[in-house]
Amino acid sequence: MADTVTGPTILQQNDKRVTIKIVNQSDGTGGTTVFADVSALAANAQGQSCTTVSLQRVWWSCSNGDGQDSFARLDYEDSDGDIPIVTLIDSGYWDFREFGGIPADKSSNSNQSDVNFVVPSTADSGNMYTVIAEFQKIY
């Protein structure tokens with residue numbers, strides 16, 4: 001069995017930012033989905049490819065669990081082990097624009113720059129996760 005995943009869906013994209021949505025219903029085994037595929041994002045008007053993204057804002061809802069298993073994470077992908085950005089519990093909204101957002105962690109030479117959506121293996125079957133995130137595109 002596998003999680004039922006709708007998205008990720010790009011809701012808005014221009015030269016400066018991209019807004020992405022994902023909805024995930026857990027099958028109880030956990031899983032990882034590429035949320036922001038940097039190499040697939042549109043180039044800017046000068047033809048430059050996006051090299052990484054910086055998290056600016058995030059809206060989320062993690063529901064149907066008992067609070068100990070109804071959480072999710074956004075991670076920067078890294079072949080040496082993903083690098084956590086934020087943990088999402090319950091529901092809420094965070095705005096990081098005041099200080100320029102949360103930049104990509106380039107501490108490892110193998111950082112792939114994509115952002116992953118991670119549901120823990122402790123998730124109950126039926127847990128629902130909805131995440132909308134706005135990223136600044138970096139060239």
Side-chain angles (χ1 to χ4, degrees):
M1 214 165 137
D3 289 359
T4 302
V5 181
T6 304
T9 304
I10 294 178
L11 301 176
Q12 180 275 337
Q13 181 174 198
N14 58 36
D15 281 1
K16 295 184 180 195
R17 67 181 184 170
V18 60
T19 305
I20 303 171
K21 174 186 174 186
I22 194 169
V23 178
N24 179 304
Q25 181 176 0
S26 177
D27 69 351
T29 63
T32 299
T33 304
V34 176
F35 183 69
D37 183 351
V38 172
S39 64
L41 296 177
N44 66 14
Q46 291 76 38
Q48 297 171 307
S49 296
C50 183
T51 58
T52 189
V53 292
S54 172
L55 181 61
Q56 300 296 300
R57 298 189 284 179
V58 61
W59 299 259
W60 75 93
S61 174
C62 303
S63 63
N64 294 348
D66 64 7
Q68 309 224 352
D69 58 15
S70 60
F71 67 93
R73 284 191 334 260
L74 292 179
D75 291 354
Y76 283 113
E77 185 176 306
D78 189 277
S79 61
D80 295 332
D82 289 354
I83 302 166
I85 304 170
V86 293
T87 299
L88 308 171
I89 299 172
D90 197 22
S91 62
Y93 165 73
W94 283 331
D95 188 338
F96 307 110
R97 294 175 299 170
E98 185 173 327
F99 56 86
I102 299 176
D105 185 328
K106 302 300 264 179
S107 62
S108 174
N109 293 331
S110 59
N111 191 306
Q112 305 300 310
S113 299
D114 290 341
V115 174
N116 291 328
F117 173 73
V118 181
V119 173
S121 61
T122 57
D124 291 333
S125 180
N127 282 9
M128 291 292 298
Y129 307 89
T130 302
V131 178
I132 299 172
E134 177 185 288
F135 298 93
Q136 178 184 9
K137 294 168 65 177
I138 310 296
Y139 299 92

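For reference, positions follow the sequence shown, starting with 1. If you're wondering where the values come from, they're calculated on a predicted model, not measured in any experiment.
Looking at Q48 and K137, their side chains never come closer than 4.5 Å, going by heavy atoms from C-beta outward. Counting only heavy atoms from C-beta outward, the side chains of V115 and Y76 approach each other to under 4.5 Å. Put simply, the side chain of V58 does not reach to within 4.5 Å of the side chain of Y93, judged on heavy atoms. You'll find the side chain of F96 reaches within 4.5 Å of the side chain of V86, heavy atoms only.
Annotation: the span from W59 atom CH2 to T130 atom OG1 amounts to 14.0 Å, rounded to 0.5 Å. Taken to the nearest 0.5 Å, the CG atom of N24 stands 9.5 Å off from the CG atom of N127. Taken from OG in S49 to OH in Y139, the straight-line distance is 9.0 Å, to the nearest 0.5 Å. Separation of atoms CD (Q56) and CH2 (W94) is listed at 15.0 Å; rounding is to 0.5 Å. Here the CZ atom belonging to F135 is positioned 9.5 Å from the OG1 atom belonging to T52, to the nearest 0.5 angstrom. Taking OG of S61 as the start and CG of D90 as the end, the distance is 7.5 Å to the nearest 0.5 Å.
Put simply, L41 and I22 are part of the same group of oily side chains (I, L, V, M, F, W, Y) that touch within less than 4.5 Å, one to the next. Using a 4.5 Å cut-off between side-chain heavy atoms of Ile, Leu, Val, Met, Phe, Trp and Tyr, with links allowed through other members, I10 and V53 fall into the same hydrophobic cluster. Side-chain heavy atoms closer than 4.5 Å link hydrophobic residues (I, L, V, M, F, W, Y) into clusters, and following such links, possibly through other members, connects V5 to V131.
Considering only residues two or more places apart in sequence or on other chains, T4 meets the side-chain contact (heavy atoms from CB on, under 4.5 Å) condition with Q25. For R97, the side chain to side chain donor-acceptor pair (under 3.5 Å) partners are D95, not counting sequence neighbours. Judged as a side-chain contact (heavy atoms from CB on, under 4.5 Å), and not counting sequence neighbours, E98 has no contacts. Every residue two or more places apart in sequence or in another chain that forms a side-chain contact (heavy atoms from CB on, under 4.5 Å) with T19 is listed here: L11, Q12, I132, E134. Residues satisfying the side-chain contact (heavy atoms from CB on, under 4.5 Å) test with T32, not counting sequence neighbours, are N116, V118.
A side-chain donor-acceptor contact under 3.5 Å links Q13 to the backbone of A42. With hydrogens and angles ignored, the 3.5 Å screen pairs no side-chain donor or acceptor of S26 with any backbone N or O of S125. Between the side chain of E77 and the main chain of D82, no donor-acceptor pair closer than 3.5 Å is present. Looking only at distances, no side-chain donor or acceptor of D124 sits under 3.5 Å from a matching main-chain atom of G28. Put simply, the side chain of D15 gets close to the backbone of A45: a donor and an acceptor are under 3.5 Å apart. Side chain of T51 to backbone of I138: a donor-acceptor contact under 3.5 angstrom is found.
Closest approach of P120 and A72 over heavy atoms only: CD-CA, 4.5 Å. When all heavy atoms of R73 and D75 are compared, the closest pair comes out as NH2-OD2, 2.7 Å. Of all heavy-atom pairs between I20 and P8, the closest is CG2-CB, 3.6 Å.
Between Y129 and F117, the ring-plane angle classifies as perpendicular under the 30° and 60° cut-offs.
For residues 29-54, no residue pair satisfies the salt bridge (charged side-chain N to carboxylate O under 4.0 Å, His left out) rule, not counting sequence neighbours.
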Q) Going through the checks in order, is the side-chain contact (heavy atoms from CB on, under 4.5 Å) test met by F71 and T122? A) CA-CA 9 Å; F71 67 93; T122 57; 4.3 Å; yes
